[in-house]
Amino acid sequence: MKKKFTSGLILLLLHFPLVHAQTVKLTGAFNASFGIVADSKGNLFVTGKNNKIIKVTPQGKAELFAGGGRNGKDGKANQAGFNDAAGIAIDAADNLYVADGSCIRKITPDAVVTTIAGTRNAGIKDGNWQTAAFWNTENIAIDSKGNIYVSDYAQAGANTGEYYIRKVSADGYVTTIRDGTNNLVIRYPRGMVCDSFGNLFVCCNASHCIRKITPVGAITTVTGQCDKTVLNSVYKEGTVATAVLTAPSGIAIAPNGDIYISDSRLHRIIKIANNKVTTVAGMGKLNFSGNPAGAAEPGYADGKALTARFDAPNGIAFDSNGNLFIIDRSNSNNSYIRKLSADGIVTTFANMNGILKLVNMKKSIRYYIQFICCLLFSMQLFSQTETFDIATFTPPKDFKKETKPGVVNYMNVNKSTGGFCVIAMFASTASTGDAEKDFEREWNALVATPYKAEANPKTELQTTAEGWEVVTAAAPIKLDGAELYVMLTVASGFGKTMSFRTSLNDESFIGQIDALFTTMDLDKTKAATVHNHTQPSADKTSAANGTTGKFGLLNYTAPQGWSHQIFSDGVVFKPLDLPADEHLAMQIMQPLNASGTLEQTLQQSFDEAAAMYNGTKMHDVNGGNYSAIPPKKSFRGWDYIRCSGGLHIGNGDYPAEFGLDLFVIKINNRFERVAVLKSRKINRSCNMSAYYADERQQYRTAIDNLLFSIHFTDGDEASLKPGTTNGSGITGVWQGISLSVGSPSVGQPLGAGYKVFSPIFLSNGQAYFGPKFPAEGLDDVDTRVRAELYRRDWGTYSFSNGKGILKMPYGDIPLRMESDKLIITANQTDHRFYQLPSVDGVKFDGTYVMTEAYGENSFHHIFIRWKV
């Protein structure tokens with residue numbers, strides 16, 4: 001049998017002892033990392049141009065601490081965002097401070113982010129923290145009194161290309177540090193740190209020296225020959241007065257007061273103590289060939305300090321035990337955290353929290369290699385082949401199968417050991433044409449977002465004999481307190497891509513996983529099941545006609561007669577028959593990781609949507625910016641909340657008024673969100689508001705049907721199906737008069753009276769019992785949605801042998817048949833109802849024609865148009 005492709009797990013496990021099980025490797029987006037600090041508990045915090053703050057525990061386990069995108073928003077943890085996160089500092093209370101472009105941000109120990117100085121309007125302006133301006137802050141330090149220092153790069157005006165040191169006092173006042181009468185200009189400042197006396201030490205990278213600024217503003221050179229050479233200086237140890245530095249980058253003060261610096265061109269760690277400058281770690285040979293003066297050979301090797309090698313070390317920080325942690329940027333665009341222990345040993349910082357029990361790894365690897373060699377001759381041991389979507393395969397033996405919309409799962413649990421494995425196969429989607437981009441899209445949707453896994457894992461790429469490109473990666477995660485690995489295998493080619501996600505906590509399943517993938521055969525000719533072109537622009541637009549689609553873990557059915565636009569960060573639907581001067585659009589937004597309540601996420605989502613549409617939030621009559629319903633559980637099983645509010649969009653005295661509705665779903669460990677933006681024209685001559693665009697019944701129905709037809713590949717779908725009036729027994733539409741009891745009103749002072757009721761009994765066991773027959777009829781209406789929106793008038797029923805029970809939210813109502821009449825005993829009173837005949841497909845099209853209104857005799861006619 002010809003080998004198809006493997007899951008890639010064996011290849012990945014060969015890397016885990018070097019990477020995931022031992023090394024915190026900050027790949028991809030972290031290649032610009034240069035800021036690092038340690039808190040009182042020994043945790044490290046790293047920041048760089050990735051706009052995320054990463055926390056690394058004393059055991060070496062890395063996790064996202066704060067930062068959810070490039071948006072500059074304040075808030076909790078990954079709900080907040082940064083614009084250009086660079087340098088980082090920490091105070092005695094473990095509060096973090098981040099230089100973030102034109103702002104300075106503070107992060108509390110519980111990961112709440114606030115802006116404490118600066119605005120998004122860049123500039124060089126002193127003053128109080130609310131009005132002061134920064135241009136582009138890069139490095140930051142804080143003293144024991146709460147004064148903050150940042151380096152600020154002027155990018156505009158007469159001072160273009162100059163760096164200044166700005167100070168934010170503990171009371172929030174911003175000043176620029178001066179040298180005599182002029183602002184102090186420093187050529188390319190890098191690391192900054194304050195000592196216990198409040199002195200600020202700055203690595204002047206392009207000036208090849210270290211400068212000191214006292215609390216009263218006196219400026220001196222600590223060591224190095226400031227601006228003595230044009231090119232990089234040739235390194236020289238010696239006294240602080242005679243020593244020569246090359247490219248000082250990071251700086252830290254040891255618990256005993258000694259100063260340590262990293263030099264990114266010398267690839268060394270240098271100590272300043274006892275009036276001397278010496279190398280304490282790294283010994284790359286000075287290399288003058290083909291380089292400006294002052295370069296040394298890079299390398300990468302752990303060991304004793306003076307034999308260890310570094311590759312462009314940058315930010316450094318001490319912990320309370322005297323260990324020095326170093327961000328070491330390799331020439332392969334990856335960053336590592338290296339550790340120089342107090343006893344002089346350099347190691348690559350280890351992660352001892354390995355999730356799989358890789359105790360005897362060499363033995364396991366030999367076993368897996370032997371297993372694969374034998375695998376091709378042992379296929380008959382497994383069960384019969386199956387087909388799902390474009391894949392034909394042999395499922396693992398003894399795995400239980402579970403099918404959901406768009407996904408099929410195979411599961412196995414070892415009850416004696418607690419080990420488990422779940423293999424999920426997802427319906428194929430349209431390919432971007434780039435296997436790596438396909439993998440990045442699927443990883444974010446299926447692993448990074450739902451499980452908070454790392455965003456840029458190490459991948460393995462295979463190309464099969466049939467021409468499929470297969471990309472695989474794995475990452476450790478925590479799920480409900482349990483530690484496990486999640487692996488994703490994505491096959492791309494021939495215009496489509498298919499994803500396979502494996503979750504396991506026991507390596508004994510690995511043989512069965514790879515056996516499954518070795519049998520895998522993908523159909524080149526069959527079209528992708530789900531259209532999911534997540535391109536950066538909306539160049540994919542279609543007139544949706546009940547089209548199914550996928551966005552992350554969310555599956556939807558586009559409304560008939562609405563356009564369907566797919567973006568990289570959402571999906572937009574618009575009715576094609578909307579009048580040209582009106583606006584109505586639904587947008588599926590990016591999901592959020594679960595943090596907080598539905599109410600809190602609703603407010604955050606409303607604020608985010610308002611910013612997305614460049615609108616100004618209006619005030620609701622009940623206070624706040626919108627009116628919301630209390631959280632509910634839908635008939636599909638997930639919890640949700642929705643609200644309606646308003647925005648002003650545009651300029652002028654009377655900007656256009658739009659309605660903004662939000663629909664937020666909580667499922668598993670995330671929030672899914674849908675926004676509805678709708679126009680509202682106002683007649684200024686009489687100050688009367690017109691109706692919103694979605695108040696047309698056909699649009700309202702389309703919106704509600706889409707919202708409640710959403711289902712998820714990781715959710716439990718409800719078994720209740722939409723009902724019809726076609727069926728035997730009492731199924732159908734009835735009409736009669738029933739006693740209605742409610743609040744007193746004019747004409748009904750006791751709150752009781754008779755009304756015409758139209759009971760509807762549906763084939764799926766649903767029942768409607770109320771005084772308002774649905775105006776749009778029952779054709780094309782999802783009765784589950786009607787029951788969701790108008791719960792008081794909807795219930796369920798059972799009926800057999802001429803008797804039954806109508807179960808309503810307010811109580812049970814007996815039913816019985818007498819000849820051709822249905823007797824409903826409501827409010828302890830029998831009421832007779834007669835079944836209505838079918839109207840043979842006649843539908844109300846929502847059009848009213850008023851021939852005369854408020855005429856001479858206040859007489860008018862309203863014609864209601866029907867269609868067949």
Side-chain angles (χ1 to χ4, degrees), residues 22-26 33-38 42 44 46 56 58 60 190-193 201 203 205 208-210 222-224 232-240 243-287 294-332 334-350:
Q22 295 181 3
T23 305
V24 176
K25 181 181 179 183
L26 306 178
S33 296
F34 58 81
I36 183 171
V37 293
L44 302 178
V46 180
V56 186
R190 293 297 298 274
M192 297 169 56
V193 70
F201 296 85
C203 290
N205 187 273
H208 324 299
C209 62
I210 308 297
V222 176
T223 191
N232 291 301
S233 304
V234 178
Y235 174 61
K236 178 183 176 183
E237 295 183 355
T239 67
V240 293
V244 180
L245 304 178
T246 298
S249 300
I251 187 167
I253 297 178
N256 65 356
D258 293 344
I259 299 173
Y260 284 68
I261 63 172
S262 62
D263 193 303
S264 58
R265 285 183 61 83
L266 294 173
H267 316 296
R268 304 183 185 203
I269 306 301
I270 297 168
K271 181 171 74 170
I272 305 169
N274 301 321
N275 204 38
K276 292 183 180 180
V277 176
T278 56
T279 297
V280 294
M283 196 55 78
K285 180 181 177 181
L286 292 177
N287 183 1
E297 292 179 348
Y300 198 100
D302 291 340
K304 293 182 179 180
L306 292 179
T307 60
R309 302 288 295 277
F310 297 93
D311 188 353
N314 280 270
I316 59 177
F318 277 98
D319 67 10
S320 58
N321 296 320
N323 300 303
L324 181 66
F325 293 89
I326 306 145
I327 292 184
D328 193 13
R329 293 172 55 187
S330 75
N331 57 14
S332 60
N334 293 322
S335 294
Y336 297 84
I337 298 179
R338 312 286 294 281
K339 175 183 176 182
L340 173 59
S341 65
D343 57 356
I345 302 298
V346 174
T347 56
T348 300
F349 190 41

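Keep in mind that what you see is a predicted model, and the values were worked out from it rather than measured.
- You'll find the side chain of K271 stays beyond 4.5 Å of the side chain of V277, heavy atoms only.
- Residues F325 and V56 form no side-chain contact, since every pair of their non-hydrogen atoms from C-beta on lies 4.5 Å or further apart.
- I259 is listed as a side-chain neighbour of I251, based on a closest heavy-atom distance under 4.5 Å.
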Go through R309 and Y300 one step at a time and tell me if the side-chain contact (heavy atoms from CB on, under 4.5 Å) criterion holds.
CA-CA 5 Å; R309 302 288 295 277; Y300 198 100; 5.5 Å; no

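- To the nearest 0.5 Å, the span separating OG on S249 from CG on L266 amounts to 9.5 Å.
- Put simply, the side chain of D263 gets close to the backbone of A247: a donor and an acceptor are under 3.5 Å apart.
- From T279, atom OG1 reaches atom CZ of R268 across 5.0 Å, with rounding to the nearest 0.5 Å.
- Put simply, the side chain of P313 reaches to within 4.5 Å of the side chain of H267, judged on heavy atoms.
- Nearest heavy-atom pair across L44 and A38 is CD2-CB, 3.7 Å.
- A distance-only check finds no donor-acceptor pair linking the side chain of D258 to the backbone of A273 [under 3.5 Å].
- Note that CZ of F201 is 8.5 Å distant from CD1 of I272, once rounded to the nearest 0.5 Å.
- Around the CG atom of N274, the shell of radius 6.0 Å holds no more than 12 heavy atoms that belong to other residues, nucleotides or ligands.
- Nearest heavy atom pair, residue C203 against residue G250, reads SG-O, 3.7 Å.
- To the nearest 0.5 angstrom, Y235 atom OH is 4.0 Å from I270 atom CD1.
- Contact record, I210 with L245: CG1-CD1, 3.8 Å, taken as the closest heavy-atom pair.
- D302 approaches A308 most closely through the heavy-atom pair C-CB, 4.5 Å.
- Closest approach of C209 and P248 over heavy atoms only: O-CG, 3.9 Å.
- With R338 as the fixed residue, the side-chain contact (heavy atoms from CB on, under 4.5 Å) test singles out one of L324, T347, T348: T348.
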Anything under 3.5 Å between a donor and an acceptor, one on a side chain of residues 315-323, the other on a protein residue two or more places apart or in another chain? List them.
residue : atom : partner : partner atom : Å
D319    : OD1  : N321    : N            : 3.0
D319    : OD1  : G322    : N            : 3.1
D319    : OD1  : N323    : N            : 2.9
D319    : OD2  : N323    : ND2          : 3.2
N323    : OD1  : A342    : N            : 3.3

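- Going from atom CD of E237 over to atom OG1 of T223 covers 11.0 Å, rounded to the nearest 0.5 Å.
- Between I261 atom CD1 and I269 atom CD1 the span is 9.0 Å, to the nearest 0.5 Å.
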